[in-house]
Amino acid sequence: MAINDISLTSGMRSNLLSLQQTQQLLDRTQERLSTGKKVNTPIDDPVNYFVAKAFMDRAGDITLSKDNMSNAIQTIKAADAGIKAISALIDTAKSIATSAKTASGTTAINSYEDQFETIMTQINNLASGSGADATFNGKNLLGGTGATYALTVDLGDSSTLTVSGFDGSASGLGLSTTVDWNSGGSPNTTNIDSNLSQITTAIDTLRTNTQKLSANLNIVTIRQDFANNTISILTKGADNLTLADMNEEGANMLMLQTRQALSTTALSISSQASQSVLRLF
């Protein structure tokens, strides 16, 4: 139907236009109240919309890096837990070797040998290979040296940190997996002292690598905190550009509803002149 098919009085046309404008404002206010945002599309405010989108896009990129850092932290913690377990096993092996020096008889000495070798097997179970107990998310920092056992951490903004692994197995630590402590029913103190010397070296190696892992863990944790703060800043910046003031929009809704009611009443009054024609019949 064309706009001129029905003739309205000047007053009715003016009131109708006002009512239509009020309805548009009501629709906009309802959208803001339902979404909590004053900028929902580029049409609402092109500048703020695209600036806020850029903020949120960067926050999303940093979130991906933060997830990578979270996995890296757990991988390092798994390696640290493995080192602590290996250290405890080595301390036990040291006690066994020390006790073997004062043992007497083939049976007793052989028992100490078996206990020592069993501990070496447990150390290998903790550290050796990709399926070792210290593995997290397919990465084992105690499995060996080189790129295979290194962890590359994405710190965001094209920044990375490489956490190098080491060989935490018994042989990697310089420990003998089999021992010969029995010398005709008496302890072979020379061999036992050699194994004790190996243990001392292994403990020093574990302490050195623990310090390296701790330093790397500290770096990743600091960068993770920085990422969290940056994401918060970016999100808040985007919210400042797009979020609506709910108190203001609530007040606007009440005022617009009142204006709509008044416009409807005014439209009814302006139509009374035309309705008076009916009295002629």
Side-chain angles (χ1 to χ4, degrees), residues 1-74 153-161 219-275:
M1 182 173 59
I3 193 169
N4 293 325
D5 286 350
I6 299 176
S7 298
L8 300 177
T9 65
S10 175
M12 292 181 67
R13 180 72 65 187
S14 177
N15 285 314
L16 176 60
L17 180 60
S18 176
L19 189 59
Q20 290 172 335
Q21 291 174 341
T22 300
Q23 185 60 50
Q24 290 176 351
L25 292 173
L26 272 169
D27 292 341
R28 187 187 71 180
T29 303
Q30 287 174 346
E31 182 183 24
R32 290 180 175 181
L33 287 171
S34 63
T35 63
K37 292 184 176 182
K38 64 182 178 182
V39 180
N40 289 285
T41 66
I43 297 175
D44 297 330
D45 189 329
V47 174
N48 284 358
Y49 177 84
F50 286 110
V51 171
K53 185 177 184 301
F55 287 165
M56 294 308 297
D57 287 345
R58 183 160 185 261
D61 293 339
I62 296 175
T63 298
L64 294 176
S65 299
K66 191 186 75 170
D67 293 340
N68 182 271
M69 284 183 269
S70 296
N71 285 333
I73 288 172
Q74 296 308 313
V153 187
D154 177 12
L155 301 177
D157 295 330
S158 301
S159 177
T160 60
L161 172 70
I219 292 172
V220 178
T221 302
I222 290 172
R223 289 303 299 262
Q224 186 184 51
D225 291 340
F226 173 76
N228 286 330
N229 291 331
T230 302
I231 290 171
S232 177
I233 291 170
L234 290 168
T235 303
K236 187 174 181 180
D239 288 345
N240 289 338
L241 294 173
T242 60
L243 290 186
D245 184 335
M246 302 304 282
N247 292 324
E248 180 182 354
E249 297 304 329
N252 288 342
M253 176 62 73
L254 290 175
M255 180 54 68
L256 288 169
Q257 288 173 339
T258 302
R259 185 189 298 179
Q260 186 181 49
L262 291 172
S263 296
T264 302
T265 301
L267 182 61
S268 176
I269 292 172
S270 64
S271 68
Q272 288 180 0
S274 298
Q275 291 174 356

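Using a distance-only test at 3.5 Å, with no hydrogens or angles considered, no donor-acceptor pair links the side chain of S232 to the main chain of N228. Using modelled atom types, no side-chain atom of N229 and backbone atom of F226 make a donor-acceptor pair closer than 3.5 Å.
L234 approaches A59 most closely through the heavy-atom pair CD1-N, 3.7 Å. Between L155 and M69, the shortest heavy-atom distance links the atoms CD2-SD, 3.9 Å. Shortest non-hydrogen contact noted between I73 and T221 is CD1-OG1, 4.1 Å. The minimum heavy-atom distance between T235 and M56, with the atom names listed, is CA-SD, 4.0 Å. Across all their heavy atoms, F55 and G237 have their closest contact at CD1-C, 3.8 Å. Residues A238 and A52 come closest through the heavy atom pair CB-O, 3.8 Å.
Contact of the D45 side chain with the K38 side chain is not registered, since no non-hydrogen atoms from C-beta on lie closer than 4.5 Å. Using a 4.5 Å cut-off on side-chain heavy atoms (C-beta onward), V220 and L161 make contact.
Atoms CG and CG, on D67 and D154 in that order, are 10.5 Å from each other to the nearest 0.5 Å. Here OG1 of T41 is found 3.5 Å from CG of D44. Values are rounded to the nearest 0.5 Å. Put simply, CD1 on I62 and CG on D57 are 11.5 Å apart, with the number rounded to the nearest 0.5 Å. Summarising the geometry, atom CG belonging to D61 is positioned 12.5 Å from atom OG1 belonging to T230; distances are rounded to the nearest 0.5 Å.
Residue-environment remark: CG (L254) exceeds the threshold of 12 foreign heavy atoms within 6.0 Å.
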